[in-house]
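FYI, the numbering just counts along the sequence from 1.
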Amino acid sequence: MAGLHSLEKKLEGIPGLNALFLRAGYFMENLLPQAGVIKSMAIMAGPVTEDLPLPMIATRDIGAYAAEALLKLDFIGKSTHELQGPRDVTYLGTAKIVGASIGKDDLTYKLAPAAQLKPVLMQMGMSSNMADLYWRWLMRSIRAT
């Protein structure tokens, strides 16, 4: 996130540039690593309380919006557009949706402490520093909602 902010600031400094900055909610695809947890433990787990609504959006929807904006080229100057899905969804609601789609109607969500999540993020390929940055970004994002 810090890198995107820095890039936006640099682009904002270019005179005469027309730029549209897209800021998306939580990527639905961030749920894909849950597949292993669901398979081995029959639950979903993560760093967010089960009842906190999050503005989730699919990356294909972000791509479709970006493609349309690039085809139209109707943005002038520098502007920002926030992209969110049709409604905010809690992790508990997400577990119900995922469970229904895979035939596990009793699938539920459990809050996992940060100490348990950092090793998981690192197993997914994040460096220790990136896992820390991701955790801080996530916590700031949650407080902002």
Side-chain angles (χ1 to χ4, degrees), residues 1-12 17-127 129-145:
M1 293 318 221
L4 293 175
H5 177 75
S6 176
L7 176 61
E8 282 184 17
K9 291 297 173 201
K10 288 177 183 174
L11 291 172
E12 285 173 356
L17 176 69
N18 295 323
L20 175 62
F21 304 114
L22 300 180
R23 295 191 182 147
Y26 188 79
F27 298 159
M28 290 178 70
E29 289 78 4
N30 288 340
L31 299 171
L32 292 174
Q34 291 281 344
V37 175
I38 293 168
K39 186 175 181 181
S40 64
M41 300 175 63
I43 64 165
M44 289 178 65
V48 188
T49 59
E50 67 181 24
D51 58 348
L52 178 69
L54 295 172
M56 293 189 189
I57 186 167
T59 54
R60 74 169 180 240
D61 294 337
I62 299 165
Y65 186 91
E68 186 176 328
L70 288 171
L71 289 171
K72 288 182 179 178
L73 288 178
D74 60 354
F75 50 93
I76 298 171
K78 280 85 174 175
S79 60
T80 301
H81 185 80
E82 292 195 19
L83 297 171
Q84 299 177 5
R87 69 182 195 284
D88 291 358
V89 184
T90 65
Y91 263 92
L92 187 57
T94 301
K96 289 183 186 306
I97 294 166
V98 170
S101 70
I102 63 171
K104 292 183 181 263
D105 292 332
D106 60 343
L107 187 67
T108 189
Y109 172 81
K110 301 289 182 194
L111 177 66
Q116 291 177 357
L117 291 173
K118 184 174 179 179
V120 172
L121 293 173
M122 292 174 66
Q123 284 178 342
M124 291 169 45
M126 285 188 188
S127 67
N129 184 50
M130 184 64 189
D132 290 338
L133 287 171
Y134 174 76
W135 182 256
R136 278 186 251 148
W137 167 82
L138 184 60
M139 293 299 101
R140 275 196 308 269
S141 298
I142 291 168
R143 283 191 292 273
T145 58

Measure the CG-CG distance between Leu20 and Leu11 for me, rounded to the nearest 0.5 Å. 11.5 Å

Is any side-chain heavy atom of Asp106 less than 4.5 Å from a side-chain heavy atom of Thr108? no

Looking at OG1 of Thr94 and CG of Leu54, how far apart are the two atoms once the value is rounded to the nearest 0.5 Å? 7.5 Å

Please report the shortest heavy-atom distance between Pro53 and Asp88, naming the atom on each side. CB-CB, 3.7 Å

Taking every non-hydrogen atom, the tightest pair across Lys110 and Ile43: CG-CD1, 3.9 Å

Test item: Val48 and Tyr109 side chains (from C-beta on) under 4.5 Å apart, heavy atoms: yes

Angle between ring planes, Tyr91 versus Tyr26, binned at 30° and 60°: parallel, tilted or perpendicular? perpendicular

In Å and rounded to the nearest 0.5 Å, what is the CG to CE distance from Leu31 to Met44? 5.0 Å

Would the His81 and Phe75 ring centres measure less than 6.0 Å apart? no

If you measure from CD on Gln84 to CG on Asp61, what distance do you get to the nearest 0.5 Å? 12.5 Å

Whether Glu8 side chain and Phe21 backbone form a donor-acceptor pair below 3.5 Å: no

Where Ala24 and Ile62 come nearest, the two heavy atoms and their spacing: CB-CD1, 3.4 Å

Working to the nearest 0.5 angstrom, can you tell me the gap between Leu22 CG and Glu82 CD? 10.5 Å

To the nearest 0.5 angstrom, please state how far the CE atom of Met56 sits from the CD1 atom of Ile97. 8.5 Å

Is it the case that more than 12 heavy atoms not belonging to Ile76 sit under 6.0 Å from its CD1 atom? no

